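Quick notes on the structure that follows.
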There are 2 protein chains.
Amino acid sequence: MSIAASRYHHGDLRSALLDAATRRIDKEGVDSLSLRKLAEDVGVSRTAPYHHFADKNTLLSAIAAEGFRQWHATARKIFEQEDMPAAARFRQFIHEYIGYAADHPQLYELMFGRTLWQAQSATDDLKAVAFPCFQFQVQMTRFWQMSGLLPQGPEPLRLAQVTWGTLHGIARLLIDGIYADRSHIDQMCDTAADLFMQASVDRE
Amino acid sequence: MSIAASRYHHGDLRSALLDAATRRIDKEGVDSLSLRKLAEDVGVSRTAPYHHFADKNTLLSAIAAEGFRQWHATARKIFEQEDMPAAARFRQFIHEYIGYAADHPQLYELMFGRTLWQAQSATDDLKAVAFPCFQFQVQMTRFWQMSGLLPQGPEPLRLAQVTWGTLHGIARLLIDGIYADRSHIDQMCDTAADLFMQASVDRE
DNA sequence: AGGCTATGTTGACACTGTCAAGATAATATC
DNA sequence: GATATTATCTTGACAGTGTCAACATAGCCT
């Protein structure tokens with residue numbers, strides 16, 4: 001029982017799986033992740049994971065959920081820097097969002113990609129973490145509208161869908177390598193920020 | 001030789017495969033498409049497709065390429081309606097783009113998703129069709145900038161990446177069912193259009 | 001000590017993409 | 001028109017996948 005490697009019960013297989021999976025996803029992407037390779041990584045038989053996750057999808061959902069928790073915390077931190085002017089925070093938020101996606105492309109893909117969302121495969125657990133994250137986006141948008149940073153005409157939800165859509169779209173074009181690459185990141189972020197903020201200037 | 005069903009050589013297996021695949025993708029999505037089911041659909045053995053496509057990826061690329069050809073033609077048609085004011089054309093373009101994505105979600109996913117682009121799996125053939133399509137987006141952006149519809153500050157390429165990113169992002173949020181659904185489409189499009197065009201108003 | 005439950009194991013199944021080798025038909029060549 | 005070449009299609013095989021069923025082990029509670 002003393003030597004960790006030689007015991008029958010792993011001890012903390014659940015987190016070991018999550019760790020290994022996260023590492024593998026980060027390296028090779030969601031698609032090439034197999035439960036069997038994963039089990040081997042951790043030194044356990046093929047079907048052992050099924051005692052901790054109902055199926056592959058549940059495991060992926062758990063990893064994505066952790067990603068949302070982290071991102072939500074980061075977003076909150078940026079948004080709540082009250083010593084910084086709203087416009088600067090807004091700009092920083094955009095850079096951080098795209099930066100997060102560019103730094104963890106595979107995780108971002110998992111969090112916001114069709115693998116989990118398209119066929120209603122997202123776990124209730126995942127939804128419970130993700131939706132507050134989405135709603136926070138709307139909250140921030142409302143604040144930026146009230147601050148005069150963003151145009152006040154559209155409903156916050158609509159505007160949030162569009163601004164977030166922009167960030168999401170840029171992130172995806174980058175990640176998937178479609179007509180955009182990492183060297184454009186900062187310029188793209190600034191262009192987006194300018195576009196949004198200029199749109200709010202009052203005119204008579 | 002007379003009865004089509006009973007001949008050894010299919011006749012036009014290549015297009016039959018493309019047709020069947022396109023139909024299946026439209027119905028069930030790219031992910032659940034299997035070459036074997038496809039072969040069965042067409043009434044041919046599992047490995048017959050390999051005489052017409054190097055591998056699954058090549059077949060998918062061919063389908064995506066056809067999608068790009070179609071979309072490029074549509075975009076061109078909208079853009080070249082010279083009797084219509086530029087602003088209206090711009091707005092229509094946005095609606096059509098999102099509409100196209102919403103009407104053919106699975107094809108859109110294939111065309112712009114990681115399946116083909118992420119791991120450099122896109123065929124040279126596909127790239128040859130897709131890149132002009134991307135570049136057309138930049139061309140249009142430049143025109144809209146010169147027409148005063150879009151802000152003239154940023155480089156056309158950067159601005160195109162951002163505006164296209166917005167459309168792409170909205171499309172993906174819709175398709176993947178992330179905090180947006182079909183009933184929001186028109187409002188989202190108009191919000192985006194307003195946002196972009198308002199940003200171009202001169203101010204002193 | 002006994003039994004219950006959580007956790008691990010091997011075996012099996014249906015499914016996938018793809019390669020190799022052989023069969024057949026259309027086509028080109030003499 | 002006979003023959004050879006080539007395009008096309010077939011079956012067989014392999015390694016890989018997710019997941020279920022049946023069984024084994026160990027930890028914990030009474």
Side-chain angles (χ1 to χ4, degrees), chain A residues 1-21 24-25 28-64 110 114-116 118-123, chain B residues 1-21 24-25 28-64 110 114-116 118-123:
Chain A
M1 247 59 56
S2 51
I3 300 169
S6 66
R7 62 190 167 198
Y8 186 88
H9 283 88
H10 180 283
D12 199 0
L13 183 53
R14 196 190 144 89
S15 3
L17 284 169
L18 287 177
D19 278 12
R24 250 187 196 278
I25 287 176
E28 313 162 26
V30 197
D31 292 318
S32 63
L33 179 78
S34 99
L35 284 190
R36 294 168 105 110
K37 278 188 273 179
L38 206 60
E40 202 174 2
D41 280 358
V42 180
V44 102
S45 88
R46 303 149 255 150
T47 59
Y50 286 88
H51 289 274
H52 299 272
F53 301 96
D55 53 17
K56 189 182 185 179
N57 192 65
T58 310
L59 193 160
L60 294 180
S61 286
I63 294 178
L110 176 62
R114 85 196 121 116
T115 309
L116 292 177
Q118 189 154 279
Q120 278 87 27
S121 19
T123 306
Chain B
M1 243 65 54
S2 51
I3 301 170
S6 67
R7 61 192 168 198
Y8 187 87
H9 283 86
H10 180 283
D12 199 2
L13 184 53
R14 196 190 143 90
S15 3
L17 284 170
L18 286 177
D19 277 12
R24 249 187 197 279
I25 287 175
E28 312 162 27
V30 197
D31 291 319
S32 62
L33 179 78
S34 100
L35 284 189
R36 294 169 104 110
K37 277 187 275 178
L38 206 60
E40 201 175 2
D41 281 357
V42 180
V44 100
S45 88
R46 305 148 251 149
T47 59
Y50 286 88
H51 290 272
H52 300 271
F53 301 96
D55 53 16
K56 189 181 185 178
N57 192 66
T58 310
L59 192 160
L60 293 181
S61 287
I63 294 178
L110 177 62
R114 84 197 122 116
T115 309
L116 292 177
Q118 188 153 280
Q120 277 89 26
S121 19
T123 306

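Since this is a predicted model, take the numbers as computed values, not measurements. Because only heavy atoms are used, hydrogens play no part in the values below, and waters and symmetry mates are left out as well, while side chains stay in. All chains are named by letter (A, B, ...) in the order of the sequence lines, taking the proteins before the strands, and each is independently numbered beginning at 1.
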Spacing of CG belonging to A:Leu35 relative to OG1 belonging to A:Thr47, to within rounding of 0.5 Å: 10.5 Å

Atom pair distance, as rounded to whole Å: CG in A:Asp12 and C1' in D:dG27: 15 Å

Integer-rounded Å distance: D:dC9 P and B:Leu38 CG: 14 Å

Nearest-nucleotide comparison on DNA chain C, the residue closer to the 5′ end among A:Gly43 and B:Leu35: A:Gly43

B:Ser45 OG to B:Tyr50 OH distance, which is reported to the nearest 0.5 Å: 11.0 Å

Residues from residues 49-59 of chain B lying under 4.0 Å of DNA chain D - heavy atoms: B:His51, B:His52

Interatomic distance where CG belongs to A:Leu17 and P belongs to C:dT7 [whole Å]: 12 Å

Rounded distance (nearest 0.5 Å) linking atom CG of B:Leu110 with atom CG of B:Leu33: 9.5 Å

Rounded interatomic separation in angstrom, taking CD from A:Glu40 and C1' from D:dG18: 16 Å

All side-chain hydrogen bond (donor to acceptor under 3.5 Å, both in side chains) counterparts of A:Thr58, not counting sequence neighbours: A:Asp55

Report, one pair per line, the protein and nucleotides 12-16 of chain D atoms (nitrogen or oxygen only) whose separation is under 3.5 Å.
unit_1	atom_1	unit_2	atom_2	d
D:dG12	N7	B:Arg46	NH1	3.1

Side chain to side chain contact (heavy atoms under 4.5 Å, CB included) partner of B:Pro49, chosen from B:Leu38, B:Leu17, B:Val42: B:Leu17

A:Thr123 vs A:Phe53 side-chain heavy atoms within contact, under 4.5 Å: no

Where at least one partner belongs to residues 31-42 of chain A, residue pairs that pass side-chain hydrogen bond (donor to acceptor under 3.5 Å, both in side chains), sequence neighbours excluded: A:Arg24-A:Asp41, A:Asp31-B:Arg114

Check: B:Ser121 side chain, B:Thr115 main-chain N or O, donor-acceptor pair, under 3.5 Å: yes

Residues in side-chain hydrogen bond (donor to acceptor under 3.5 Å, both in side chains) contact with B:Ser15, at least two apart in sequence or another chain: B:Asp12

Secondary-structure stems for DNA chain D, with pairs counted as Watson-Crick or G-U when both distances are under 3.5 Å and runs at least 3 long: C:1-30 with D:1-30

